[in-house]
Amino acid sequence: MSNHALAERHRLAQLLVDAGPEAPTLCAGWTTRDLAAHLVVREHRADAAPGIRVGALAGWTKRVQDGYAQRPYEELVRLFRAGPPVLSLFALPGADEVANTVEYFVHAEDVARAGEEWTAQPVPPGRAEALWRRLPMIARFEAGRRSPVRLVLTRPDGQSLTVGPAGAPTVRITGEPGELVLFAYGRGARTVLTVDGAADAVEALRHALPLP
C-alpha cells in the first residue's frame with residue numbers, strides 16, 4: 001500500500017518546524033502558525049471542519065481555528081505530525097491516502113515556496129503519478145470552473161487532460177504533475193510551467209488564475 005500522504009505529512013511537519021511560527025505561506029493571510037492550526041482543526045474537530053468548504057459555517061471554523069492558533073506552535077506541529085485521532089474520519093483505513101496526499105503536498109509547497117527565493121524540488125515518481133491520477137477532478141472543480149478558456153494540462157511525456165468551457169480559446173499548460181496541481185489550486189505564480197496560446201487567451205486566463 002502506498003504511503004504518499006504519510007510521507008507528505010512528515011515533509012510538511014518538518015517544513016513547519018524549519019520555518020517557525022510566523023513565516024509566510026502561499027495561503028492568503030496565513031502564517032505558518034495559522035496553517036498548522038488549520039491542519040489540526042481539520043483532523044481533530046469534526047464540528048468545525050465543514051466550514052473549511054461551506055461558507056455558511058466558515059465563521060465557526062475561524063473561531064475554532066483562531067483558538068487553536070493560540071496554542072504553542074510546537075504542540076500544533078506535534079499534533080499534526082502524529083496523525084488523526086482514532087475517532088477521526090481520516091483514521092479510517094485508506095482515508096488518509098485518498099483525502100490527504102494532495103492536501104499535504106499543496107500545503108507543503110505553500111510553505112516551501114512562500115519566500116522570494118524558492119526552487120521546485122523533484123517529486124518522487126510514484127507520488128507524481130498519484131498526483132496525476134487526482135488531477136482530473138481537481139482541475140475540473142478548481143481551475144476549470146474559474147477559467148474563461150479551454151485548458152489543456154500536459155505532462156512533459158505528452159499525456160494531457162482538458163477542462164474548461166467548450167468552444168472557448170485553448171491555452172496549453174505544460175509541466176510536471178505537481179506543478180499542474182499547484183496551478184489548478186491557484187498557486188500558478190509560484191510554479192515551473194510553460195504557457196502556450198493566443199496572447200488574448202493567455203491574458204484572459206491570467207486575469208482569472210495566477211500564472212508563472
Side-chain angles (χ1 to χ4, degrees), residues 1-114 123 127 130-131 133-143 145-146 178 181-187 190:
M1 180 178 293
S2 59
N3 59 355
H4 302 304
L6 180 62
E8 287 297 325
R9 180 190 296 275
H10 288 306
R11 183 170 79 100
L12 174 51
Q14 191 58 51
L15 284 165
L16 290 169
V17 168
D18 294 344
E22 305 306 328
T25 75
L26 297 185
C27 300
W30 281 6
T31 64
T32 41
R33 178 184 295 279
D34 298 316
L35 177 54
H38 158 78
L39 293 166
V40 173
V41 167
R42 183 172 173 271
E43 290 189 330
H44 287 251
R45 289 293 301 267
D47 62 312
I52 295 171
R53 288 286 184 179
V54 181
L57 304 175
W60 170 240
T61 299
K62 184 178 185 306
R63 288 195 293 276
V64 173
Q65 182 171 310
D66 288 348
Y68 270 79
Q70 299 305 310
R71 297 188 180 193
Y73 183 67
E74 295 77 10
E75 177 188 346
L76 294 174
V77 176
R78 177 181 58 78
L79 285 170
F80 169 64
R81 192 193 293 270
V86 292
L87 295 181
S88 170
L89 291 175
F90 294 107
L92 293 173
D96 189 46
E97 190 71 11
V98 171
N100 291 330
T101 296
V102 172
E103 175 85 6
Y104 296 158
F105 170 79
V106 171
H107 282 321
E109 297 305 320
D110 284 337
V111 178
R113 304 188 188 208
V123 177
R127 199 161 310 148
L131 294 173
R133 287 194 298 271
R134 290 162 172 78
L135 183 60
M137 182 174 295
I138 295 167
R140 186 175 303 113
F141 287 100
E142 298 291 340
R145 291 197 298 182
R146 297 166 57 190
V181 166
L182 292 170
F183 163 75
Y185 272 116
R187 276 73 163 179
R190 298 292 176 97

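Quantities reported herein were computed from a predicted structural model and do not represent experimental measurements.
Sorted pairs that involve residues 84-93 and meet salt bridge (Lys or Arg N to Asp or Glu O under 4.0 Å), not counting sequence neighbours, are lacking altogether.
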In a table with atom names and distances, give each donor-acceptor pair under 3.5 Å that connects a side chain of residues 14-24 to protein atoms at least two apart or in another chain.
from, atom 1, to, atom 2, distance (Å)
Q14, NE2, D18, OD1, 3.0
E22, OE2, R33, NE, 3.3

Taking only distance into account, with no hydrogens and no angle test, what donor-acceptor pairs under 3.5 Å do side-chain atoms of residues 77-94 form with protein atoms, sequence neighbours excluded?
from, atom 1, to, atom 2, distance (Å)
S88, OG, E43, O, 3.2
S88, OG, F90, N, 3.1

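Shown here are the side chain to side chain donor-acceptor pair (under 3.5 Å) partners of R113, two or more places apart in sequence or in another chain: E109, E179. Taking the side chain to side chain donor-acceptor pair (under 3.5 Å) definition, one finds that D110 meets it with H107, R187, sequence neighbours left out. Scanning for side chain to side chain donor-acceptor pair (under 3.5 Å) contacts around E75 gives R71, with sequence neighbours left out.
Atom CG of L135 sits about 9.5 Å away from atom OH of Y185, to the nearest 0.5 Å. The line from CG of L131 to CZ of R127 is 8.0 Å long, rounded to the nearest 0.5 Å. Note that CG of D66 is 7.5 Å distant from CG of D34, once rounded to the nearest 0.5 Å.
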*Which is it for E103 and R42 under the side-chain contact (heavy atoms from CB on, under 4.5 Å) test, yes or no, and what are the steps along the way?*
CA-CA 11 Å; E103 175 85 6; R42 183 172 173 271; 3.6 Å; yes

*Checking side-chain contact (heavy atoms from CB on, under 4.5 Å) for the pair N100/E8: CA distance, chi angles, key distance, verdict?*
CA-CA 8 Å; N100 291 330; E8 287 297 325; over 6 Å; no

_One pair to check against side-chain contact (heavy atoms from CB on, under 4.5 Å): L12 and L39. What are the steps and the verdict?_
CA-CA 10 Å; L12 174 51; L39 293 166; 3.7 Å; yes

*asked:* Does D96 form a side-chain contact (heavy atoms from CB on, under 4.5 Å) with R9? I'd like the steps, not just the answer.
replied: CA-CA 10 Å; D96 189 46; R9 180 190 296 275; 3.0 Å; yes

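With contacts defined as side-chain heavy-atom distances shorter than 4.5 Å, the pair L182/F105 qualifies. Looking only at side-chain heavy atoms (C-beta outward), W60 and R45 come within less than 4.5 Å of each other.
Checking side-chain atoms of E97 against main-chain N and O of A5 turns up a donor-acceptor pair under 3.5 Å. Put simply, the side chain of T25 gets close to the backbone of W30: a donor and an acceptor are under 3.5 Å apart.
A184 and A139 make their closest contact through CB-CA, 4.2 Å (heavy atoms, listed as atom of the first residue, atom of the second, distance). Nearest heavy atom pair, residue A130 against residue R134, reads O-NH1, 3.1 Å.
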